[in-house]
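Read the structure below first, then the notes.
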Protein chains: 2
Amino acid sequence: MPQDAAGSEQIEQRITARYDLLSPAERLLADHLMRHYPVAGLFSMPHLAKEAGISTPTVLRLVQKLGFRGYPDFQSQLRHEVETRLESPLAKHERWTQGVPGSHILNRFADAVLANLTSTLGRIDHAEFDACADLLADPQRQLRVTGGRITHALADYLVRQLGIVRPGVAALPALSSAWPPALLDLRRGDVLIVFDIRRYESGVLQICELAADCGAEIVLFTDPWTSPVADLARFRFSAQIEVPSAWDSTVALLVLVETFLAAVQERNWPTTRDRMERLEVLYAQARLFRRGRGSRG
Amino acid sequence: MPQDAAGSEQIEQRITARYDLLSPAERLLADHLMRHYPVAGLFSMPHLAKEAGISTPTVLRLVQKLGFRGYPDFQSQLRHEVETRLESPLAKHERWTQGVPGSHILNRFADAVLANLTSTLGRIDHAEFDACADLLADPQRQLRVTGGRITHALADYLVRQLGIVRPGVAALPALSSAWPPALLDLRRGDVLIVFDIRRYESGVLQICELAADCGAEIVLFTDPWTSPVADLARFRFSAQIEVPSAWDSTVALLVLVETFLAAVQERNWPTTRDRMERLEVLYAQARLFRRGRGSRG
DNA sequence: CGAACTCTGAAAAAATATTGACAGAGCCTG
DNA sequence: CAGGCTCTGTCAATATTTTTTCAGAGTTCG
């Protein structure tokens, strides 16, 4: 559905639609605009140029490429967008900040997620978090990760990302018959990271008991109902998971996981950076990545 | 609690607080500003004066009475307010950001995640969301899902959960040599769901092109920089992903995914419920679950 | 009724923003 | 490696905005 004119198109859309026509400096600006949308564009041209790290003529060239006659024209449209977003029928953000029953699923869901997040994060003890991050950052300890039906993806994510930051990270196998060999080289002091939210699965408790017998430290991510694994765990973090859906939400857990990833990588930054650089080299050698969509031949 | 200076007060509050100190012409302007708050103040001084029916010096006198050094100073504060309104309508940060903001990694991370979420969700067009949910809920269409290095876990999660709601959902294989057979029974109108955030991987684009040639509809989840797949996609949802970490965050994407899951299951609830019940029976037969920790036996 | 006062906008002055012209830098291509 | 190309910033011009100055209009009060 091609717009004949750029008339009422959103600026965001104009940018994405023409992104491949943009030059490198223009993309710097476009990225900046998108990242701080829409307020960034309300500043004066010199200010905006400085923030984006480019020059004023480039700003002008971009807005002209986007179909505006000049910078004032661009700002005028932007103000209009801000207006409809903020001012008019108490626009979009307000639609989901107040949980009117019967509103759109996006609003209801976002409401629940935000409530879960604030509640989850507000309850975490900073000292406990730091102690756990220290544990996970200790290169002497091997890490093993496991999850249940819903949390499997989370466990997978943690393994992949943490495996970049440090060595000795692996997921436990899915089949219980494969557990004994996997526990074979678990040493005292190694760490088992467990995700276990309701519909606690029997297998998860079993493997925690096995690992505890081997002298492993257990880190548990769970829900407020607290899984049976809690008694075995050295560290325990519980997240709010209820949303308007037939299932529970893993968003708060993911935030925890990502925060731990950030904390661990911060704790041993030289090593992390070194590993990441080597990873980049390997990726480059494998020619796995291409450029963004601008790499015109 | 008297503010010594007008420091961080909201402009609306400043106006109401000093309203009775204002002259008639200034009140005209104040009324206009309040009536079209906050966008009115983003215009230039001549424009604003004309709209309010007064002259530019009066505008200047008002903003000075409000405690600003000049009109640019006033606009700067106003932009800041617009930003906080748009980015985080919940000023609830204080609840768990007690102390210096940006101190503990938990606070910094949570700040970023909340900003990402509000910004991401505020930008989603409800109609587009609904249309896409309709597409995903259509049992006639098969669904295939794929992701990149970071988003793989997300794709996996979507497959598992959506696979409970409806039949015909599968992940694409990881190895590109396995793609052609996987695409073999892709029919016109089937849907390919793609996660592609920066460090866009070449394989993702390739498989999208293949699928598009087969007549598949493409649904893209990406970042604000817009992946090259965007041109091929029927639906495109972009999420904010920046956090204080060496990596990007997939939290906002996960919220999108979970919201879609809720929307799809809602659209075909009888079928979903039926499938979930049968799943429960199967799980029970496999004796996979145990009770919560009260069931000491 | 007139002097002193405040309020207000016109107009000039200063500051700043926007736009255009141009040239150096980098890159493909022959 | 030279010529043509695009991209990008510096600088100058033009336009606009911001601020100041000032005088007329209206009001209050003795």
Side-chain angles (χ1 to χ4, degrees), chain A residues 6 11 14-15 18-34 36 38-80 82 290-297, chain B residues 6 11 14-15 18-33 36 38-80 82 225:
Chain A
I11 287 175
R14 295 198 198 191
I15 292 176
R18 288 152 226 230
Y19 196 82
D20 45 346
L21 300 176
L22 303 183
S23 68
E26 286 165 355
R27 285 181 196 190
L28 276 177
L29 175 58
D31 291 345
H32 176 79
L33 283 173
M34 295 290 272
H36 301 98
V39 185
L42 297 175
F43 288 84
S44 69
M45 217 152 78
H47 187 119
L48 175 58
K50 196 178 163 197
E51 287 293 313
I54 45 100
S55 66
T56 48
T58 301
V59 176
L60 190 64
R61 283 188 283 261
L62 176 68
V63 298
Q64 284 171 344
K65 271 194 187 172
L66 295 180
F68 298 100
R69 280 182 40 198
Y71 196 70
D73 188 27
F74 165 80
Q75 280 199 325
S76 172
Q77 164 76 10
L78 204 56
R79 275 192 297 261
H80 187 69
V82 172
R290 49 181 156 74
R291 294 265 181 75
R293 59 161 151 191
S295 65
R296 63 188 66 187
Chain B
I11 288 176
R14 296 197 199 191
I15 292 177
R18 288 153 226 230
Y19 194 81
D20 36 344
L21 300 177
L22 303 183
S23 69
E26 285 165 356
R27 288 185 191 188
L28 235 52
L29 174 57
D31 291 344
H32 176 80
L33 281 174
H36 304 286
V39 185
L42 297 174
F43 289 85
S44 72
M45 217 152 78
H47 188 121
L48 176 58
K50 196 179 164 194
E51 286 294 313
I54 45 97
S55 67
T56 51
T58 301
V59 176
L60 192 63
R61 281 188 286 262
L62 177 67
V63 298
Q64 284 172 343
K65 270 193 185 174
L66 294 179
F68 297 101
R69 284 192 9 213
Y71 196 69
D73 188 26
F74 165 80
Q75 280 198 325
S76 173
Q77 165 75 11
L78 204 56
R79 275 191 298 260
H80 188 69
V82 170
W225 288 264

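Convention: sequence-line order gives letters A, B, ...; per-chain numbering from 1.
B/Leu62 places its CG atom 14 Å from the P atom of D/dT18, with the value rounded to the nearest Å. Here C/dT18 presents its P atom at 15 Å from CZ of A/Phe68, a figure rounded to the nearest Å. For B/Arg69 and D/dT18, the CZ to P distance is 15 Å, given to the nearest whole Å. One atom, CG of A/Asp73, and another, C1' of C/dT19, lie 14 Å apart when rounded to the nearest Å. B/Phe43 places its CZ atom 13 Å from the P atom of D/dT18, with the value rounded to the nearest Å. The distance from atom CG of B/Leu29 to atom C1' of C/dG9 is 14 Å, rounded to the nearest whole Å. Distance, B/Gln75 CD to C/dA17 P: 11 Å, rounded to whole Å. One atom, CG of B/Leu21, and another, P of C/dT6, lie 14 Å apart when rounded to the nearest Å.
Of the listed nucleotides (C/dT18, C/dT8, D/dT19), C/dT18 has the atom at the smallest distance from the side chain of A/Tyr71. Looking at the side chain of B/Met45, the nearest of the listed nucleotides C/dT18, C/dG20, D/dT19 is D/dT19. When distances are taken from the side chain of A/Ile54 to each of D/dC7, D/dG9, C/dT18, the shortest belongs to D/dG9. For B/Pro72, counting side-chain heavy atoms from C-beta on, the closest listed nucleotide (C/dG20, C/dT18, D/dT19) is D/dT19.
When side chains are defined from C-beta on, A/Lys65 does not count as touching A/Arg18, because their heavy atoms never get closer than 4.5 Å. Using a 4.5 Å heavy-atom threshold, the side chains of A/Asp31 and A/Met34 count as separate. A 4.5 Å side-chain heavy-atom check between A/Asp73 and A/Val63 finds every atom pair outside the cut-off.
Considering A/Leu28, A/Val39, A/Val59, A/Ile15 as possible partners of A/Leu33, the one that fulfils the side-chain contact (heavy atoms from CB on, under 4.5 Å) test is A/Ile15.
Defining each end axis of the helix from C/dC1-D/dG30 to C/dG30-D/dC1 as the rotation carrying four pairs' C1' atoms onto the next four, with five pairs an end, the two axes are found to diverge by 10° to 10 degrees.
If A/Ala25 and B/Leu60 are placed on DNA chain D by their nearest nucleotide, the residue sitting closer to the 5' end is A/Ala25.
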Please write out the pairs of protein N or O atoms and N or O atoms of nucleotides 3-5 of chain D separated by less than 3.5 Å, giving the distance to one decimal.
none

Close N or O pairs between protein and nucleotides 10-14 of chain D (under 3.5 Å):
none

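Because its NZ or CZ atom is both nearer than 6.0 Å to the ring centre of B/Phe68 and within 45° of the ring axis, B/Arg14 counts as a cation-pi partner of that residue.
Taking side-chain N and O atoms only, B/Ser23 has no distance below 4.0 Å to OP1 or OP2 of C/dC7.
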